[in-house]
Amino acid sequence: MRKPVVLITGAGGEIGHGLIEQLAADGGRPIITLDLAPLEPGMNRMVAREFTGSIMDASLLEVIRSEFEVDTVFHLAALLSTRSEFSPLTAHEVNVGGTLNLLEFAQHEAESNGRPVTFLYPSSIAAYGLPSLEAKTAAGRVKEDEWTHPTTMYGCNKLYCEQLGEYYARHYKQLSAASLAGRVDFRAVRFPGLISAMTVPSGGTSDYAPEMIHAAAKGESYACFVRPDAQIPFMAMPDGVNALLKLAAAPKGALTQTAYNLGAFAPTADDVRTAVVAAFPTADITFTVDTKRQGIVDSWPADVDDSAARLDWGFAPEFDFARAFGDYLIPTIRQRYEGMGK
Ligand code: AKB
């Protein structure tokens, strides 16, 4: 009998890093990973097997299926919003084509093993598109089904993949004689901007907040590319990882929707700057607005209504703005860069 394993795609990225550590510490199912690049030394010791390759490589996915019984997928691999605007076709191929490959993988795995595969999908606030700053201010905390008219390729990809996941979960091959839907137990969260003390993101538009903090800790100057009053929701990485794990463990019957908003705090760029300068008084942070990237941030909501996640599966972030900075970001980042001699 093969032991069930957890598959993490894009495992070497920001979320994968924290997720592998937490799953390994929990000591549950063995972890297997798939990423374009090898995992960092240290991370690879926490996983049972590491595959280096692409989610676009169907034959590699077949190899994984033949060697392992996967019962949970965390499909993290994606091109983020800024990078996707420079290469929209590649973004579509990776973000949509790659997700479709993984959904097919999960469907086949569930059919051959005779039990559903839980499929966790990190969607994003990029799935929203507010047409103007006036609309953004008036909208306040948006609900999952409001303002879903994304302006970015990444946002379009995320919203469509949420719908693809729902198709596999509820309607897959609905005209076939035998019912095949429901084998993929698809669950998505719409992440706000994530801020990790351990890694600096790349290719995203919410990157200004983490970049500001990491630059200050390293003693480097930083020119923030959005206006001081730019506002979107953010979350500390440990809360993001815990949310994925909590949603994965939630009883299916408790879930009333496939995609859930998650929020924690919604500072302006200037609020972030103020908190960073309080911790690093010599920080040199200025604002040089990139109007195009600003436009993307302006199209995302100032905050989200995450009451469905709180109600259905007990989402409860540990870190508000003060705690995220005081208890997690500043002490961990300080220690990290001091240890590295900056
Ligand atoms: C990005 O900026 O691309 C992401 C996101 C908000 O989904 N971090």
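We count ligands from 1, going down the list as the structure has it; atoms in each ligand are counted the same way.
- Residues that satisfy the side chain to side chain contact (heavy atoms under 4.5 Å, CB included) test with K246, not counting sequence neighbours, are W313.
- For the 3.5 Å distance criterion, the side chains of D270 and T268 fail to qualify, holding no donor opposite an acceptor.
- The six-membered or imidazole ring of Y222 lies away from that of H214, with a centre-to-centre distance of 6.0 Å or more.
- A distance below 6.0 Å separates the ring centres of Y208 and F234.
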Tabulated below should be the N or O atoms of ligand 1 paired with protein N or O atoms at under 3.5 Å; can you produce that?
residue, atom, partner, partner atom, Å
ligand 1, 2 (O), S81, OG, 3.2
ligand 1, 2 (O), T205, N, 2.7
ligand 1, 2 (O), S206, N, 3.0
ligand 1, 2 (O), S206, OG, 3.2
ligand 1, 3 (O), S81, N, 2.9
ligand 1, 3 (O), S81, OG, 2.6
ligand 1, 7 (O), S124, OG, 2.5
ligand 1, 7 (O), Y154, OH, 3.1
ligand 1, 8 (N), S206, OG, 2.9

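- For D306 and R190, the salt-bridge test fails: no basic side-chain N is under 4.0 Å from an acidic carboxylate O.
- N261 places a side-chain N or O within donor-acceptor distance of the main-chain N or O of V142, the cut-off being under 3.5 Å.
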